[in-house]
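Notes follow once the structure below has been shown.
The analysis underlying the following values was restricted to heavy atoms, covering all of them including side chains, and did not include hydrogens, waters or symmetry mates. Everything numeric here is computed off the predicted structure, so don't read it as measured data. Naming: A, B, ... by sequence-line order, numbering from 1 per chain.
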2 protein chains.
Amino acid sequence: MDSRGVRRESTMRDVAALAKVSIKTVSRVINDLPGAGPEVVERVRAAALSLGYRPNLTASSLRRSDRRSATIGVLLEDLSNPFDAALLRAIEDRARQNDVLVLAGSSEDDPDLQRELVTSLATRRVDGMVVMAVGGHQDGLQQERERGTPMVLVDRPPMFDGTDSVTTTNRDSSREAVLHLASLGHRRISFLGDRKTLWTSQERYTGYLEGLAHAGLTLREELVRTDLHGPGAAEAAAATLFDLDEPPTALFTAQNLVTVGAMRALRARELHRRVALIGFDDFPLADMLEPGVTVLRQDVPALGRKAAELVFDRIRGDKSAPTHAVVPATLVHRGSGEIPSH
Amino acid sequence: MDSRGVRRESTMRDVAALAKVSIKTVSRVINDLPGAGPEVVERVRAAALSLGYRPNLTASSLRRSDRRSATIGVLLEDLSNPFDAALLRAIEDRARQNDVLVLAGSSEDDPDLQRELVTSLATRRVDGMVVMAVGGHQDGLQQERERGTPMVLVDRPPMFDGTDSVTTTNRDSSREAVLHLASLGHRRISFLGDRKTLWTSQERYTGYLEGLAHAGLTLREELVRTDLHGPGAAEAAAATLFDLDEPPTALFTAQNLVTVGAMRALRARELHRRVALIGFDDFPLADMLEPGVTVLRQDVPALGRKAAELVFDRIRGDKSAPTHAVVPATLVHRGSGEIPSH
DNA sequence: GTGGGTTACGTCAACGTTGACGTAGGAGGA
DNA sequence: TCCTCCTACGTCAACGTTGACGTAACCCAC
């Protein structure tokens, strides 16, 4: 205990004194390095145990030549969003296999906050970062990358060169969804999307356009609503669609919270069994609603796993060209996307 | 760059050399300490900027007398569970206000994994921990606590003395739910619970018993199913209830995944509009199902906030007696809990 | 002009650990 | 016997930073 009554953690010095060996020998024993006789190993182990000694990773990483902190940073948009949470969990699992811990943060899609968090992580000398980049503001990330920090972007690709990324088949899957709706006779298919600054939103919108084109449908601007942040905005926007003279017979919602908002609007007007709906991103209980919600399901565990694997490869010194992994999403038919045009 | 082509982070030494001052003066400028003239401050700032200098928090915390790493550990059961994710997010928000980052981990309700993670955190010298303790195995936590690590338990109270905790009104709210069902005429109210080793499960079961007693109902053992881990087990268990000669007319499900499983069973038998259901823990979209699911909603942000505040108080040296905060849950009426007995 | 205080620096050692290197003692071969 | 090599230790310095303390220069009052 020191003067403030705080117990001091014991150090190699303490263990060395008790075992009557040098600090360096303790270091050898603790790290299972050769150069310590069996008898000494025993004595040191016993001393360490009796003092409750635990190595100080910060001191060790400061001194060691590899400088590893055995910690990576994971910066997502909102850790409480089910998508982000599942991603974090997948990354954490892979990290654990490498004896690495995860420093997690929510950027809230705020460029300043993202920059601040990146600095915070750098200050703690994390070995690498997995980042869901804030839309349109990647200069802070690029600077960090240029300093040599291993970095992988998830969900959204880098706007600069030399960085790995893992994304979903946003465009292709969106096109597939729209074609599916068109094949059921829908001609007025609405698009509801998240903030336009997000790359995923743009891609999904492009896929929507491609789908319309492939199906021989023309784009009706009045059926497109973008920049919807959160379920509330989505609900309000969806509601206005049904005041049109020619309202949509099908909706394609390009993000999970937007899907939820649109569903609320449909229900409020008792349209949920008449208007078709396909959403991007699966969510819990989508199958238990009536009708079940047809979605494009991203393979979130695969996204997280791949992202983690890429950072760890880089941390291990992989110098090959940047990888841009794309994980396919699947169209899950549950009913809402199978409502025919009326 | 060193021999491996890895750029070395610049240090105070580099900045000092460039600004032609001593390292100590750089330290003073970086930390906004007095004792540096305005001209020197400018020179040092410019040098630091041009070198892209960023302080090394690990070195700094090693040397400083307070030893703070500006990092706390948060150990939950499963970061991808919506409840855990919301909790993490709430803790993270409070941590950020203290310029503290969060090391997050999932214990998966495995005592060995929990112990390993606690050691991992300790090795990184976190300033404190917020832990959702694994059911029935708290000795590792107790040891850590006894070493002086600030620790707060969330969701489940400590089984040892001297540690703060934040929990919900598990028992009282469960009783309230059962009484609510009884007031609608239900006499055969079933209990479906998570693993019995969990304190929350036990409390909720006790609340159930109290509710029955207050309502003048006798416990029917055949209506009680416990140790249901995950929606699958819950669904199977719920299904068997309806093969009884006298099946329940109402269900009280004591955990969110159990609620989901039970709902699936009800739907499979088309009973979801006939059998009443109240679940512990709210979940997204509970209001959009038909009927809406009546739940006991925990105030997750308040739980997380309070837990974070308690650790930070302890980290700041608060030596007062342990606090056991209890955050009230609310009964949210949505329909499923208002189905009368038939 | 001298004493006392303040300001703006600098020097040194230490936090806990590990890499580089030194050394005593024994084994083994010529 | 002497030389070499190996094993099992030890010593020393350094990682990047900060606390303790030293000191030169200057200000102000008496």
Side-chain angles (χ1 to χ4, degrees), chain A residues 2-4 6-45 47-48 51-70 122-125 127, chain B residues 2-4 6-45 47-48 51-70 122-125 127:
Chain A
D2 73 4
S3 55
R4 297 194 319 286
V6 178
R7 220 169 304 207
R8 193 179 59 82
E9 286 269 354
S10 45
T11 70
M12 282 193 176
R13 183 204 303 278
D14 304 323
V15 176
L18 185 59
K20 302 206 189 305
V21 293
S22 76
I23 298 186
K24 180 73 230 213
T25 297
V26 175
S27 170
R28 278 191 266 258
V29 173
I30 297 297
N31 295 294
D32 286 316
L33 294 172
E39 195 187 320
V40 168
V41 168
E42 255 335 289
R43 238 173 40 232
V44 171
R45 292 240 168 88
L51 291 174
Y53 170 76
R54 280 178 311 194
N56 183 329
L57 189 69
T58 66
S60 156
S61 92
L62 178 61
R63 178 67 246 254
R64 270 199 330 273
S65 39
D66 65 6
R67 283 305 163 78
R68 298 280 168 77
S69 60
T123 271
R124 285 168 180 77
R125 299 295 190 267
D127 300 333
Chain B
D2 74 3
S3 55
R4 298 194 318 285
V6 179
R7 219 169 305 208
R8 194 178 58 82
E9 286 268 355
S10 46
T11 69
M12 282 193 176
R13 183 202 305 275
D14 304 323
V15 177
L18 184 59
K20 303 208 188 304
V21 294
S22 75
I23 298 187
K24 181 73 231 210
T25 298
V26 175
S27 170
R28 280 190 266 256
V29 173
I30 297 296
N31 295 293
D32 286 315
L33 294 173
E39 194 187 321
V40 168
V41 168
E42 256 332 289
R43 240 175 38 233
V44 171
R45 290 241 168 88
L51 290 174
Y53 169 78
R54 280 178 310 194
N56 183 329
L57 189 69
T58 66
S60 155
S61 92
L62 178 62
R63 179 65 247 252
R64 271 200 328 275
S65 40
D66 64 7
R67 283 306 162 77
R68 297 281 169 77
S69 59
T123 270
R124 285 168 180 76
R125 298 296 189 267
D127 300 333

Query raised in the report: Taking all atoms of both residues into account, what is the closest heavy-atom pair of A:Arg124 and B:Ala70, and its distance?
Result: NH2-O, 2.6 Å
Query raised in the report: Closest heavy-atom contact between A:Asp14 and A:Arg8?
Result: OD2-NH2, 3.1 Å
Report summary line: Nearest heavy-atom contact between A:Ile30 and A:Pro55 is CG2-CG, 4.5 Å
Query raised in the report: At under 4.0 Å between heavy atoms, what does A:Gly35 touch on the DNA or RNA strands: base, sugar-phosphate, or nothing?
Result: base
Query raised in the report: To the nearest 0.5 Å, how far apart are CZ in A:Arg63 and CG in A:Asn56?
Result: 14.5 Å
Report summary line: Outermost contacting nts on DNA chain C, any atom under 4.0 Å from chain B heavy atoms, listed 5' then 3', are C:dA8 to C:dG16
Report task. Might you work through the side chain to side chain contact (heavy atoms under 4.5 Å, CB included) test for A:Glu42 and A:Arg45, ending with a clear yes or no? Result -> CA-CA 5 Å; A:Glu42 255 335 289; A:Arg45 292 240 168 88; 4.3 Å; yes
Query - Check: A:Arg125 and B:Glu9 side chains under 4.5 Å, non-hydrogen atoms - result: yes
Requested in this report: Identify, between B:Arg67 and B:Gly37, the residue whose nearest nucleotide on DNA chain C lies closer to the 5' end.
Outcome: B:Gly37
**Report entry** Under the side-chain hydrogen bond (donor to acceptor under 3.5 Å, both in side chains) test, residues paired with A:Arg64 that sit two or more places apart
**Finding:** A:Ser60, A:Asp66
Query raised in the report: For DNA chain D, what residues of residues 16-28 of chain A have any heavy atom nearer than 4.0 Å?
Result: A:Val21, A:Ser22, A:Lys24, A:Thr25, A:Arg28
Query - Which atom of B:Val29 lies closest to which atom of B:Ala36, heavy atoms considered - result: CG2-CB, 4.1 Å
**Report entry** Nearest-nucleotide 5' precedence on DNA chain C, A:Arg13 against A:Asn31
**Finding:** A:Arg13
Query raised in the report: Which of residues 55-64 of chain B sit near DNA chain C, with a heavy atom under 4.0 Å from it?
Result: B:Leu62, B:Arg63
Report summary line: Those residues at least two apart in sequence (or on a different chain) that pass side-chain contact (heavy atoms from CB on, under 4.5 Å) with B:Arg13 are B:Thr11, B:Ile23
Report summary line: Smallest heavy-atom separation, B:Ala19 atom then B:Ala47 atom, equals CB-CB, 3.9 Å
Report task. State, to the nearest 10°, the angle formed by the axis through the first five base pairs of the helix from C:dG1-D:dC30 to C:dA30-D:dT1 and the axis through its last five. Result -> 50°
Query raised in the report: So, for B:Arg68 and B:Asp127, which heavy atoms are closest and what is the spacing to 0.1 Å?
Result: CA-OD1, 3.4 Å
Query - Sole candidate of B:Leu33, B:Val44, B:Val40, B:Val41 that passes side-chain contact (heavy atoms from CB on, under 4.5 Å) when paired with B:Arg28 - result: B:Leu33
